[in-house]
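To keep things clear, I will list the structure first and then write my remarks on it.
Here is the naming used below: chain letters follow the sequence lines, and residue numbers restart at 1 for every chain.
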Number of protein chains: 2
Amino acid sequence: MNSICLPVGLDPSDLDKLEVLIERKKPLQPRESVFLSGEPFTSIYAVRSGSIKSFCIDADGREQVTGFYFPGELFGWDGLANEHYQNTAIALETTSLCEIPYEKLDNLGNSIPSVQKYVMKLISREINADQQLIALLAGNSAQQKLASLLLSISDRLVQQKLSSTRLWLPMSRGEIGNYLGLTVETVSRVLGHFQRKKYLAVNKKEIEILDKKALRDLIRSPEEVE
Amino acid sequence: MNSICLPVGLDPSDLDKLEVLIERKKPLQPRESVFLSGEPFTSIYAVRSGSIKSFCIDADGREQVTGFYFPGELFGWDGLANEHYQNTAIALETTSLCEIPYEKLDNLGNSIPSVQKYVMKLISREINADQQLIALLAGNSAQQKLASLLLSISDRLVQQKLSSTRLWLPMSRGEIGNYLGLTVETVSRVLGHFQRKKYLAVNKKEIEILDKKALRDLIRSPEEVE
DNA sequence: AAATCGGCCTGATGTAAATCAACTCAAGGT
DNA sequence: ACCTTGAGTTGATTTACATCAGGCCGATTT
């Protein structure tokens, strides 16, 4: 079983039983959807390669990005409460997924307690991630938000194709801005600023983190102007 | 079993089994804590009466409110992922809780599948709530944020002591502001503005919603200035 | 009754980010 | 080779909200 699909924390024997659940789907094209908001909840998904954006449409019809998912990460839990997905999930690039039908996972959980426990933890991770985002959105500057996002992506892409300092942003500036509660222009300007400060080297969607410490410091205390 | 402690959705026979898990605690005093960030995760809690604020401390030591919980609502799921609570939870007023030890709930879930399923749904509700907050924090004005919060509290307090239009805010202006990513002054000014517009009657922590429709319209489309 | 303190309100001023607008650049299309 | 289109950048201007500062009021202390 590919450890990318369901991360560690289970007995190998239990892992074997999990493997049978997983359906490998043929790769998604960029912009292709995994599920749409409102559809009946059937499965959760693990990213094998590529990346996923999830978003909802709020009262006034505006799109709100709620998460980006990279290889090894799971998404789709938001559908569990109402038996319908709350978000729409689409591929940001060519992306392959593992589909894990919830029904089967649930049955397996009923017979193997350790699986059940593990699934709960996975769900609760999504809660922690969301709460971190809340903290970020509620009392931080544009610079702090962007620094946080870049460091988060960098951390999550360790053990991936690119090193932790060279990374490829699969989403547009607009999608970053939407996620962080900023406009495209602000995202662009802050990236420019970071570049001038030699914190980053930016080339379109390719980012090299030159000064990780500076970015981390920025998150702790707002930047001094010079 | 008090339906306030665990809402409906289970067979009555299963409910009986759940009841034995629940430990009723003696009421908490205002500002008394339920658990502290970093403590080992043991239980989830249901609010019987009163209200709870949960918050975390971020990198720079600032407090960030992540949720308010009212009668009938559950909190503490954030501790599941790491086996330690991420947030601190304190009572905003004299508050009584049901404690539901997770270990016992988990065991029960292993023997009764419907309980397990139900617990999952409860967790996933927290995810949905968090994602709604994210959407609110990321692209909305101070007026929209406050209108949303007031309507949300009003909805959640239906079937409670006060009617859906007269409500008592147990938290301070500062706590509201922190939660919504606003300053105390802004909260105060927006409440004043809503009052002048006759959307609300505000008397300290007592709020009467006079024009629910106006508030709802405000959320959909930003206010016109006159 | 005077003093202290915290929560809340209000006004003046400052500023970060939004908005508006123009321009560049690369990718397709005809 | 020329036109379109969309993503990204950059500059000028505006604005919503933060910040700073003062004052009010009810509760608690002395």
Side-chain angles (χ1 to χ4, degrees), chain A residues 30-31 53 60 62-65 92-93 136-149 168-197 200-207 218-219 221-226, chain B residues 30-31 53 60 62-65 92-93 136-149 168-197 200-207 218-219 221-226:
Chain A
R31 301 283 125 187
K53 165 179 98 162
D60 48 354
R62 287 200 330 270
E63 174 177 323
Q64 176 58 52
V65 177
L92 288 169
E93 55 194 313
L136 185 63
L137 290 174
N140 292 96
S141 68
Q143 294 195 19
Q144 291 174 311
K145 289 175 180 179
L146 252 169
S148 291
L149 178 62
W168 167 265
L169 301 180
M171 70 294 279
S172 73
R173 303 290 194 264
E175 288 165 328
I176 294 175
N178 183 298
Y179 180 66
L180 295 177
L182 303 170
T183 57
V184 209
E185 294 94 325
T186 300
V187 172
S188 179
R189 275 188 257 267
V190 172
L191 286 179
H193 175 74
F194 283 171
Q195 202 166 197
R196 261 172 272 117
K197 284 276 204 166
L200 301 177
V202 182
N203 184 327
K204 316 201 73 194
K205 306 201 154 196
E206 210 172 294
I207 307 273
L218 210 53
I219 297 169
S221 53
E223 163 129 302
E224 319 290 328
V225 258
E226 86 265 11
Chain B
R31 302 282 124 186
K53 165 178 97 163
D60 47 354
R62 287 199 331 269
E63 173 178 323
Q64 175 58 52
V65 177
L92 288 169
E93 54 194 314
L136 185 62
L137 290 173
N140 291 96
S141 68
Q143 293 195 20
Q144 292 175 312
K145 289 174 178 178
L146 253 171
S148 291
L149 178 63
W168 167 266
L169 301 180
M171 69 295 279
S172 73
R173 303 289 194 264
E175 288 165 327
I176 293 176
N178 183 299
Y179 180 66
L180 295 176
L182 302 170
T183 57
V184 207
E185 293 94 328
T186 300
V187 172
S188 179
R189 276 187 256 265
V190 172
L191 286 179
H193 175 75
F194 283 171
Q195 203 166 196
R196 259 173 272 119
K197 284 276 203 166
L200 300 177
V202 182
N203 184 327
K204 318 200 71 192
K205 305 201 155 197
E206 209 172 294
I207 306 272
L218 211 52
I219 297 170
S221 53
E223 162 130 304
E224 319 289 326
V225 259
E226 87 263 13

Integer-rounded Å distance: [N] [atom2] and [X] [atom1]:
X: B/L218; N: D/dA16; atom1: CG; atom2: P; result: 13 Å
X: B/L146; N: C/dC8; atom1: CG; atom2: P; result: 13 Å
X: A/K205; N: C/dA26; atom1: NZ; atom2: P; result: 15 Å
X: A/R31; N: D/dG6; atom1: CZ; atom2: P; result: 13 Å
X: A/N178; N: D/dA7; atom1: CG; atom2: P; result: 14 Å
X: B/Q144; N: D/dA16; atom1: CD; atom2: P; result: 12 Å
X: A/H193; N: D/dG11; atom1: NE2; atom2: P; result: 15 Å
X: A/R173; N: C/dC25; atom1: CZ; atom2: C1'; result: 14 Å

To check you understand the geometry: which heavy-atom pair defines the closest contact between [X] and [Y], and what is its length?
X: A/L218; Y: A/A147; value: CD2-CB, 4.4 Å
X: A/L191; Y: A/V202; value: O-CG2, 4.2 Å
X: A/V187; Y: A/G177; value: CG2-CA, 3.6 Å

**OP:** Determine yes or no for a side-chain-to-main-chain donor-acceptor pair under 3.5 angstrom, with B/S148 supplying the side chain and B/Q144 the backbone.
**Re:**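 Answer holds: yes.
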
Original post:
Nearest nucleotide by nearest heavy atom, which residue falls closer to the 5' end of DNA chain C, A/T186 or A/K204?
Top reply: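 Going by which nucleotide is closer to the 5' end, it is A/T186.
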
Subject >> Pairing of B/K205 and B/E175 as salt bridge, 4.0 angstrom limit >> reply: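 Looking at B/K205 and B/E175, the cut-off is not met.
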
As a test of reading the structure: which of [options] is closest to the side chain of [X], going by heavy atoms?
X: B/R189; options: D/dG8, C/dA17, C/dG11; answer: C/dG11
X: B/S188; options: C/dC20, C/dC8, C/dC9; answer: C/dC9
X: B/A142; options: C/dT19, C/dA17, D/dC17; answer: D/dC17
X: B/E185; options: C/dC8, D/dA21, C/dA21; answer: D/dA21
X: B/L182; options: C/dA18, D/dG8, D/dA18; answer: D/dA18

Reckon [X] touches a base, only the sugar-phosphate, or nothing at all at heavy-atom distances under 4.0 Å?
X: B/K145; result: nothing
X: A/T183; result: base
X: A/G139; result: nothing
X: B/G177; result: nothing

